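Below, each value reflects all heavy atoms present in this structure, side chains not excepted, and no hydrogens, waters or symmetry copies. This structure is a prediction, so every number in the text was calculated from the model and none was measured. Sequential numbering from 1 along the given sequence is applied to the chain's residues.
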Amino acid sequence: MKNVVVLGSTGSIGTQALEVLGAHSDKFRLLGISAGSNAEMLARQAKAFRPKYIALADPAGAEELKGLGAEILIGADAAPRLASMEDADLVVHGISGISGLVPLLSALESGKTVALANKEGIVCAHRLVQEAIERGGGKILPVDSEQSAIFQCLCMGNRADVKRLMLTASGGPFRETDKEALKRVTAAEALKHPVWNMGGKITIDSATLFNKGLEIMEASFLFGIPGEKIDVLIHPQSIVHSMVEFVDGSVAAQLSMPDMRLAIQYALTYPERRECRIDRLDLARVGALSFFEPDFERFPALSLAYAALKEGEVLPIAYNGANEAAVNLFMNEKIGFCDISSCVEYAMGHIDCKEPRSIEDVIGIDRESRRLANSFFRK
């Protein structure tokens, strides 16, 4: 029986992780759950799953969690404390954004296996993440469907025999929209993803392809593959979740119906496979699977990601932080859809910070990137 902690349990990844854990209660025990501010939902989850620990970052919701028969952790350090609990075997990391960095480092330094859905920590602090792994002996199992697919495909060959990684992308709702029409896209339109059901910010990132840009960097850092060996393919059906080409010309692909519960479950049960409560793939019913190259002019997020990855230190942080700030401006109707990439490009071009050597350095670069993105908007 494995003791599991779910960080960000009230979000999209967290709620699906709880569903997977509930379906395999013979193998997993939910030790703890955490949330940022959604105390009401956290309390409902605690009543349903009866974890030993409940963690909430926002002290304002503490009263809501009393009387649930669990030890309550409150404050900014609640999630990191939960992630490093001695009796935790596995940590599902579903906290989004740069705020997930400290809990990730805490878990890895404590020797935990982390089923990781937060890509920002890897992108912005890959050096610190690697150092935490070396100090504590923890390890990362990817939860994103694309990274999980690559992880599974890599089992078919040696890392030295990899010719390239091929990340697939649905293309979002605007993959066929011309550049002029993209300027008129609203936040409500961008939040309607044609395939996946995700949180608001990641849905916008999928529409701009900034999410794929982050995945390019994440894949490079996770699997030790340089950017020039990582390609992106638009695949509207979202059946092939990513592919690996080997030097002999063989291509390994992972296919399934688009459902995050499969990637979550694989990270939880690895190296075993178990029955999963998702729709089964019927290729005859799906019919044709199509692939085409992305348009780098209409979606500059990809070019910016490759440039950030090539620099490898400050620019990945600027890419992520400026994008988060720009998405917030867009969702509040202060800038247009195409202005998101302009804000990020401006921040990347004007950031002037030393290479990050500590969490404080990363947070400082992130803060400056957001300031630059907002200053570009005010211009």
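Side-chain atoms of His235 come within 3.5 Å of backbone N or O of Val240 as a donor-acceptor pair. At distances below 3.5 Å, not a single donor-acceptor pair connects side-chain atoms of Ser303 with backbone N or O atoms of Pro300. Listed for the Asp248 side chain is a donor-acceptor partner under 3.5 Å among the backbone atoms of Ser250. Although no hydrogens or angles enter the test, the distance criterion places a donor-acceptor pair under 3.5 Å between the side chain of Tyr319 and the main chain of Ala301. Checking side-chain atoms of Ser84 against main-chain N and O of Pro80 turns up a donor-acceptor pair under 3.5 Å. In terms of modelled atom types and a separation under 3.5 Å, the side chain of Glu189 and the main chain of Thr186 share a donor-acceptor contact. In terms of modelled atom types and a separation under 3.5 Å, the side chain of Asn38 and the main chain of Met41 share a donor-acceptor contact. A distance-only check finds no donor-acceptor pair linking the side chain of Arg29 to the backbone of Val4 [under 3.5 Å]. Between the side chain of Asn118 and the backbone N or O of Gly121 there is at least one donor-acceptor pair closer than 3.5 Å. Judged purely by atom type and a 3.5 angstrom limit, Asp205 has no side-chain atom pairing as donor or acceptor with the backbone of Ile202.
Counting heavy-atom neighbours within 6.0 Å of Glu311 CD, excluding the residue itself, gives a total above 12. Counting heavy-atom neighbours within 6.0 Å of Arg277 CZ, excluding the residue itself, gives a total of 12 or less.
Using a 4.5 Å heavy-atom cutoff, the side chains of Val129 and Ile140 are in contact. Taking the side chain as every heavy atom from C-beta outward, Phe223 and Ile150 approach each other to under 4.5 Å. Counting only heavy atoms from C-beta outward, the side chains of Tyr346 and Leu372 approach each other to under 4.5 Å. Pro316 is not listed as a side-chain neighbour of Cys124, based on a closest heavy-atom distance of 4.5 Å or more. Side-chain contact check for Leu101 versus Glu120: every heavy-atom pair is 4.5 Å or farther apart. Glu293 places none of its side-chain heavy atoms less than 4.5 Å from the side chain of Ile234.
The closest side-chain donor-acceptor pair between Glu324 and Asn328, if any, does not fall under 3.5 angstrom. The closest side-chain donor-acceptor pair between Thr269 and His24, if any, does not fall under 3.5 angstrom. For the residue pair Ser290 / Gln237, a side-chain donor-acceptor distance below 3.5 Å is found, with atom types taken as modelled. Under the 3.5 Å distance criterion, with hydrogens and angles disregarded, a donor-acceptor pair is assigned to the side chains of Ser148 and Gln152. For the residue pair Ser12 and Gln16, a side-chain donor N or O sits within less than 3.5 Å of a side-chain acceptor on the partner.
In this structure, Glu109 CD and Arg135 CZ are separated by 4.0 Å, a value rounded to the nearest 0.5 Å. In this structure, the separation between CZ on Arg261 and CG on Asp279 is 8.0 Å, given to the nearest 0.5 Å. Considering NZ of Lys354 and CD of Glu313, their distance stands at 12.5 Å, rounded to 0.5 Å. Rounded to the nearest 0.5 Å, atoms CG (Leu42) and OG (Ser34) are 7.5 Å apart. To the nearest 0.5 angstrom, Phe174 atom CZ is 15.0 Å from Asp295 atom CG. To the nearest 0.5 angstrom, Ser242 atom OG is 11.0 Å from Asp231 atom CG.
A salt bridge links Lys27 with Glu272; the closest basic N to acidic carboxylate O contact falls under 4.0 Å. Ionic pairing of Arg44 and Glu40 is present here: one or more N-O contacts between side-chain nitrogen and carboxylate oxygen are shorter than 4.0 angstrom. Taking 4.0 Å as the cut-off between side-chain N and carboxylate O, Arg357 and Glu355 count as a salt-bridged pair. Salt-bridge formation is detected for the pair Arg164/Glu245: a Lys NZ or Arg NE/NH1/NH2 atom is positioned less than 4.0 Å from an Asp or Glu carboxylate oxygen. Checked for salt-bridge contact, Glu86 and Arg81 miss the test: no charged N lies under 4.0 Å from a carboxylate O. Comment: Glu297 engages Lys179 in a salt bridge, judged by a side-chain N to carboxylate O separation of less than 4.0 angstrom. Using a cut-off of 4.0 Å between Lys/Arg side-chain N and Asp/Glu carboxylate O, Lys212 and Glu146 are scored as salt-bridged. Salt bridge Lys112/Asp89: absent, no basic N to carboxylate O contact under 4.0 Å. At a threshold of 4.0 Å, the pair Asp87-Lys52 counts as salt-bridged, since one of the basic side-chain nitrogens sits closer than that to a carboxylate oxygen.
Annotation for Ala79 and Leu7: closest pair O-CD2, 3.9 Å, computed over non-hydrogen atoms. When all heavy atoms of Met243 and Thr168 are compared, the closest pair comes out as CE-CG2, 4.2 Å. The two residues Ala373 and Ala347 have their closest heavy-atom pair at N-CB, 4.4 Å. Closest approach of Val232 and Ala169 over heavy atoms only: CG1-CB, 4.4 Å. The shortest non-hydrogen separation linking Phe246 to Asn158 is CE2-O, 4.2 Å. The shortest heavy-atom contact between Arg370 and Ile98 is NH2-CG2, 3.8 Å.
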| task | I would like to know whether Val244 and Met166 meet side chain to side chain contact (heavy atoms under 4.5 Å, CB included); could you show each step before the answer? | result | CA-CA 6 Å; Val244 174; Met166 289 175 276; over 6 Å; no
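Ring geometry for Phe330 against Phe337 counts as perpendicular: the plane angle is over 60°, on a 0 to 90° scale with 30° as the lower cut.
Between Leu141 and the choices Thr113, Leu90, Leu116, Val92, the side chain to side chain contact (heavy atoms under 4.5 Å, CB included) rule is met once, by Thr113. With Glu218 as the partner, the side chain to side chain donor-acceptor pair (under 3.5 Å) test is satisfied by one option alone out of His126, Lys119, Gln147: Gln147. Checking each of Ile133, Asp361, Val362, Leu108 against Leu128 for a side chain to side chain contact (heavy atoms under 4.5 Å, CB included) leaves exactly one that passes, namely Val362.
Under the 6.0 Å cut-off for aromatic ring centres, Phe299 and Phe210 do not qualify, their centroids lying 6.0 Å or more apart.
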